[in-house]
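Only one structure is covered here, and it is reproduced in the block below.
Residue numbers count from 1 along this sequence. What you see is a predicted model; the values in this text were computed from it and never measured. Atoms within a ligand are numbered from 1 in the order they appear, just like the ligands themselves.
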Amino acid sequence: MSESTIESILHENRLFQPPSAFSQQARIKSLEEYEQLYERAKADPQKFWADLATQELHWFEKWHTVLDWQPPFAKWFDGGKTNISYNCLDRHLTTWRRNKAALIWEGEPGDSRTLTYAQLHREVCQFANVLKQLGVGKGDVVGIYMPMIPEAAIAMLACARIGAPHTVVFGGFSAEALRDRLIDGKAKLVVTADGGWRKDAIVPLKDQVDKALAEGVVPTVENVLVVQRTAQSIHMEPGRDHWWHDLQKGVSGNCPAEPMDSEDMLFILYTSGSTGKPKGVVHTTAGYNLYTHMTTKWIFDIQDNDVYWCTADVGWITGHSYIVYGPLSNGATTLMYEGAPRPSNPGCFWDVIEKHGVNIFYTAPTAIRAFIKMGEHLPNARDLSSLRLLGTVGEPINPEAWMWYYRVIGGERCPIVDTWWQTETGGIMITPLPGAIPTKPGSATRPFPGILAEVVDLDGNPVSADEGGYLAVKHPWPGMMRTVYGDPDRFRRTYWEHIPPRDGQYLYFAGDGARCDADGYFWVMGRVDDVINVAGHRLGTMEVESALVSHPAVAEAAVVGKPDEVKGNDIVAFVTLEGSFKPSEELKNELKKHVVQEIGAIARPGEIRFSDALPKTRSGKIMRRLLRSLAAGEEVAGDTSTLEDRSVLDKLREGA
Ligand code: PRX
């Protein structure tokens, strides 16, 4: 986050009360009600969650233990049997919701489709049967590499139905990134499409899958299922590749949901950390279902006649929790959009809201900042009066962007929920409940009931009001990640060892800096580790550095974030070259392209700076703090006495 954003957040003191019309119809109607709920959950978390699990979910068998906590490993609702696909589909079929729209899909260019709960259930059952016919069973991991089309959600729900954990890989990731994830997850089957639409062009997804699987480097993958979406010619490997529509034809639409143990793995989702290798975040069945269900219900306050739209991609946790599982578990109507704002259609989001009468809209600050640049005339020319609630996620929102969103999109009548959470937390952790908690622009406000969030120092002691510290969570919650796939030690090291236990209580370390004000409002400031948040996407500096040094011209690389008006942060790479290579514009472009090939377009460095050497400590550690200042064009402040060669700094400054 830029200095000016931090400045404006520090001096922000506007307070917006929930509109009374909103509060009257809301599930949680007042601050008192929230506080009572919060205190009740805090006093007895297990009873709080167990009561909700009984009321809100279907169980094949009840659990015997609400929480088994062997820090840092938690088991929720141990001994219980349930199925999230059943909770998202089957249980709605015996109600009036049977013929309600479950999924409204707005595709590109101009395609559109609506699936009722009955229709979605049928397609999910058919696809689950297709998976079974191909030998996929309980515990087999399925890779999903898809555009934003209904089949992505159908595939996820079909996997969940038969107990096959899915690992969705964002369609913008490269073949190399896909390959690494399929290898780590030991995927048995991949679901993809011939291509997807992305900003007026076709993304050749199937070609990427072919590259990822080339030369048998992912020996576990036996079959690839391909949805026909863009209809360009593609290679179909005999025996391995099958068209979705061929196999789905004539298959039974009846496939009972497998009773799953509460702690059976539901999915793996890879996310960046501070080492080069992305980690497989593991979420399990019952706790994740309950947590996404309750957060959707109370935070988005979805009512039965609402159309709810979250603009994330299903390749990220936001898409998992708040396009697919949370809304469908609540029997809501969820909208999925394949497009993205682009110069040829800058008003497309507002068209979608007008066309479908969207009531609840959830997007990212980076998108809002891009809309501000595109101009108010675009939303002003559309009818957005259907909107009643707005949300943001993914990065801190600067108060200016919050105010614009409130005024221009929400017409000053819609509350805004600024939701702080992570891939690891499964669902939203700190957020306003829109009918209850007054909002302050730039603050995610207060913790969700059952979440004991704190700002602490590195010894685990709470810091005073308004003092900066590390964001931590004190008690386990049902939606928390269970482990890093295949690496429980890394789970322990990354999240539970930065801060020592306090009074025997373990603290979850989120990796974010924050402060809590005198009203108990949280202000999240951004990452404190080697993770950069670029346009709401999380990237490890080491990942980008590894990609750079895999190019023959690069000897050494150090990557830092630099404040960016729209993206929040942009990537700046400092690079030293191998002997015979000379700095040039061509080489810069080639290196940028190389990173895109290795990771994906989201990791393309905004800037590459060549230098003879990188600033290091005497023990050889790159001093990123100095590079961050240089990248931002600031004076290098603070202690530089540990710098091995001080002339490096002057050269870097001159080079810029
Ligand atoms: O730094 C925080 C930021 O996004 C990180 C989590 O990224 P990811 O796992 O990709 O999940 C993104 C969607 C949940 C956090 O550690 N972040 C997310 N939401 C907010 C935020 N920072 C400030 N305010 C938020 N509302």
Give the numbers and elements of all ligand 1 atoms closer than 4.0 Å to a heavy atom of [X].
X: T419; result: 19 (N), 20 (C), 25 (C), 26 (N)
X: V524; result: 22 (N), 23 (C)
X: V393; result: 13 (C), 14 (C)

Checklist entry - Do any nitrogen or oxygen atoms of D418 come within less than 3.5 Å of a nitrogen or oxygen of ligand 1? => result yes
Looking only at protein heavy atoms, identify the closest one to [atom] and say how far it is in Å.
atom: atom 8 (P) of ligand 1; value: T423 OG1, 3.5 Å
atom: atom 25 (C) of ligand 1; value: E395 O, 3.5 Å
atom: atom 13 (C) of ligand 1; value: T318 OG1, 3.4 Å
atom: atom 7 (O) of ligand 1; value: R538 CD, 3.5 Å
atom: atom 4 (O) of ligand 1; value: G394 O, 3.3 Å
atom: atom 6 (C) of ligand 1; value: W421 O, 3.7 Å

Check this for me, if you would: do [X] and [Y] make a salt bridge, where the nitrogen-to-carboxylate-oxygen distance has to be below 4.0 angstrom?
X: K277; Y: D180; answer: no
X: E263; Y: R482; answer: yes
X: D570; Y: K562; answer: no

Checklist entry - Are F371 and W350 near enough that their ring centres are under 6.0 Å apart? => result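 F371 vs W350: aromatic centres under 6.0 Å.
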Next on the checklist: Can a side-chain donor-acceptor contact be found between T419 and Y362 if the only test is distance below 3.5 angstrom?
Outcome noted: yes
Checklist entry - Which is closest to atom 1 (O) of ligand 1 by heavy-atom distance: N533, D512, I532? => result D512
Next on the checklist: Under a 3.5 Å distance rule, please check whether R181 uses its side chain to pair with a backbone N or O of V168 as donor and acceptor.
Outcome noted: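 Checked: no pair found.
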Item to check | Within 45° cone and under 6.0 Å: R446 NZ/CZ vs Y34 ring | outcome: no
Next on the checklist: Taking the six-membered ring of W298 as reference, does the cationic atom of R27 (NZ for Lys, CZ for Arg) lie under 6.0 Å from its centre and within 45° of its axis?
Outcome noted: no
Item to check | Heavy-atom gap P396 to ligand 1 smaller than 4.0 Å | outcome: yes
